[in-house]
Amino acid sequence: MKVTIVGCTGSMAGPDSPASCYLVQAPWRDPVSGQERTYSIVLDLGSGAFGALQRHMDPKELDAVVFSHLHPDHMVDISGLYVYRRWYPQGRLPSIDVWGPQGTAQRIKAVDGGGEGEDYTQDFTCHDIHDQLTWRLGPFMIQAFSATHPVEAYCLRITQIGEGDSPGKVLAYSGDTDSCEGLLSAAQDADLFLCEVGFASGQVDRGIHLDGTRAGTAAREAQVKRMLATHIQVWADKEALARVIDAEFSGAWEYAHSDMVINLD
């Protein structure tokens with residue numbers, strides 16, 4: 001499994017990074033053609049992310065999009081993906097799967113400003129996520145767990161599936177959440193934990209986001225092998241954040257940054 005940090009700034013695009021977007025790829029044998037190829041999904045597609053994504057892949061090769069929730073800093077660049085696929089020079093590209101909370105299709109239309117007759121079904125096949133849902137996308141098994149956030153939101157657990165459907169490496173993604181059981185379920189024993197850490201202790205209200213203390217506690221309690229601190233606010237004091245994370249989690253961790261690539265072998 002290869003994980004590329006396309007964007008990792010919290011709540012908005014920043015000077016050094018787009019907002020949340022994570023490209024997840026793995027080798028896969030297409031059951032229809034029998035051909036070996038790279039299967040690619042993105043977790044979220046926040047403000048500024050679609051342009052940066054093109055540094056890492058041709059978007060026409062994207063297989064699916066999975067939204068943790070529908071706040072703009074996690075989904076607004078779906079409009080760029082729509083334009084790319086709808087007006088591709090060699091002809092309109094086929095529909096791809098988009099997974100997200102209830103109302104994802106309507107949210108896409110609202111963001112893009114589509115007319116009354118536009119339903120986007122020629123470009124995106126939308127599927128609803130719900131708590132405890134498990135589904136397969138190519139070489140990945142994905143599980144969704146309800147998060148604690150002001151809107152419907154999910155923590156995601158992505159397991160690479162090997163030969164004979166044997167489970168392989170595990171990527172966990174917090175999305176946006178406060179401490180909750182869903183976060184721990186998604187992150188349990190994960191090889192890599194993408195965890196939002198946008199605030200130092202006491203800087204954010206309960207029920208909205210994690211702070212450094214609660215993120216470090218989640219990583220420790222879930223016994224993750226490695227954490228990447230992400231969703232970093234542009235004004236964050238990273239030294240202060242590091243101190244409170246270190247106070248709770250003694251394992252391996254570092255800050256995510258745009259264009260960072262992690263290979264989970």
Side-chain angles (χ1 to χ4, degrees), residues 1-5 8 20-28 39-44 64 66-69 99 129-149 153-198 209-232 241-242 244-257 260-265:
M1 188 191 303
K2 177 183 176 182
V3 181
T4 302
I5 310 301
C8 55
S20 295
C21 182
Y22 308 92
L23 173 62
V24 184
Q25 299 173 296
W28 181 61
Y39 195 95
S40 303
I41 64 175
V42 288
L43 308 178
D44 290 339
V66 181
F67 289 130
S68 64
H69 66 293
W99 293 78
I129 295 175
H130 60 76
D131 185 35
Q132 307 291 322
L133 178 68
T134 299
W135 73 100
R136 184 158 183 174
L137 289 174
F140 303 111
M141 193 67 71
I142 304 178
Q143 296 169 278
F145 300 90
S146 287
T148 298
H149 202 51
Y154 296 94
C155 305
L156 301 169
R157 182 178 178 90
I158 299 94
T159 304
Q160 185 176 354
I161 304 302
E163 294 293 330
D165 288 343
S166 60
K169 297 295 185 179
V170 174
L171 167 69
Y173 174 42
S174 68
D176 283 5
T177 186
D178 199 351
S179 302
C180 63
E181 287 301 316
L183 177 65
L184 295 181
S185 296
Q188 190 64 49
D189 300 315
D191 296 285
L192 182 65
F193 180 30
L194 294 173
C195 187
E196 66 141 321
V197 190
H209 291 286
L210 295 166
D211 61 17
T213 297
R214 300 201 290 275
T217 298
R220 170 172 48 80
E221 291 182 351
Q223 298 182 309
V224 303
K225 297 178 178 65
R226 180 182 178 188
M227 181 176 81
L228 282 187
T230 189
H231 201 270
I232 307 299
L241 271 175
V244 295
I245 294 169
D246 286 338
E248 298 295 337
F249 181 55
S250 60
W253 77 273
E254 59 190 301
Y255 286 113
H257 60 81
M260 184 179 193
V261 176
I262 304 98
N263 289 294
L264 299 180
D265 300 319

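- Residues T148 and S179 have side chains not in contact (no heavy-atom distance under 4.5 Å, counting atoms from C-beta outward).
- Heavy atoms only, all atoms of each residue included: T134 and Q143 are closest at OG1-CG, 3.4 Å.
- With values rounded to the nearest 0.5 angstrom, Q132 atom CD is found 7.5 Å from S146 atom OG.
- Using a 4.5 Å heavy-atom cutoff, the side chains of V66 and I142 are in contact.
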Subject >> side chain to side chain contact (heavy atoms under 4.5 Å, CB included) assessment of R136 paired with D165 >> reply: CA-CA 11 Å; R136 184 158 183 174; D165 288 343; 3.0 Å; yes
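- Taking OG from S174 and CE from M227, the interatomic distance works out to 9.5 Å, rounded to the nearest 0.5 Å.
- Taking each heavy atom of H149 and T177 in turn, the nearest pair found is ND1-N, 4.4 Å.
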Subject >> CA sep, side-chain torsions, deciding dist, call: H69, Y154, side chain to side chain contact (heavy atoms under 4.5 Å, CB included) >> reply: CA-CA 7 Å; H69 66 293; Y154 296 94; over 6 Å; no
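- Heavy-atom minimum distance, I245 versus G212: CG1-O, 3.7 Å.
- For I5 against H257, the heavy-atom pair with the smallest separation is CB-O, 3.4 Å.
- Note: D211 CG to L241 CG = 8.5 Å, rounded to the nearest 0.5 Å.
- Side-chain contact between L192 and L228: present, with at least one pair of heavy atoms (C-beta onward) separated by less than 4.5 Å.
- In this structure Y22 satisfies the ring-ring contact (aromatic ring centres under 6.0 Å, His included) test together with Y173, sequence neighbours excluded.
- Between W99 and W135, the ring planes are parallel. Angles under 30° get that label, and only those over 60° would be called perpendicular.
- Atoms SG and CZ, from C195 and R214 in turn, are 10.5 Å apart once rounded to the nearest 0.5 Å.
- Here the side chain of K2 pairs no donor or acceptor atom with the backbone of A26 at under 3.5 angstrom.
- The OG atom of S20 sits 10.0 Å away from the CD1 atom of I232 when rounded to the nearest 0.5 Å.
- Separation of atoms CG (D131) and CD (E181) is listed at 11.5 Å; rounding is to 0.5 Å.
- Considering all non-hydrogen atoms of both residues, A187 and F193 come closest at CB-CE1, 3.8 Å.
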Residues 155-162 side chain polar contacts: donor-acceptor under 3.5 Å, at least two apart:
unit_1 : atom_1 : unit_2 : atom_2 : d
R157   : NH1    : A186   : O      : 2.9
R157   : NH1    : Q188   : O      : 2.8
R157   : NH2    : Q188   : O      : 3.1
Q160   : OE1    : M1     : N      : 2.9

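- Taking 4.5 Å as the limit, some side-chain heavy atom of L210 sits within range of a side-chain heavy atom of D178.
- Using a 4.5 Å heavy-atom threshold, the side chains of L171 and L43 count as touching.
- The two residues I41 and F140 have their closest heavy-atom pair at CD1-CD1, 4.3 Å.
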Considering only distance and modelled atom types, tabulate donor-acceptor pairs under 3.5 Å from the side chains of residues 248-255, sequence neighbours left out.
unit_1 : atom_1 : unit_2 : atom_2 : d
E248   : OE1    : T217   : OG1    : 3.3
E248   : OE1    : R220   : NH2    : 2.9
W253   : NE1    : D246   : OD1    : 2.8
E254   : OE2    : R226   : NE     : 3.4
E254   : OE2    : R226   : NH2    : 2.5
Y255   : OH     : K238   : O      : 2.6
Y255   : OH     : A242   : N      : 3.3

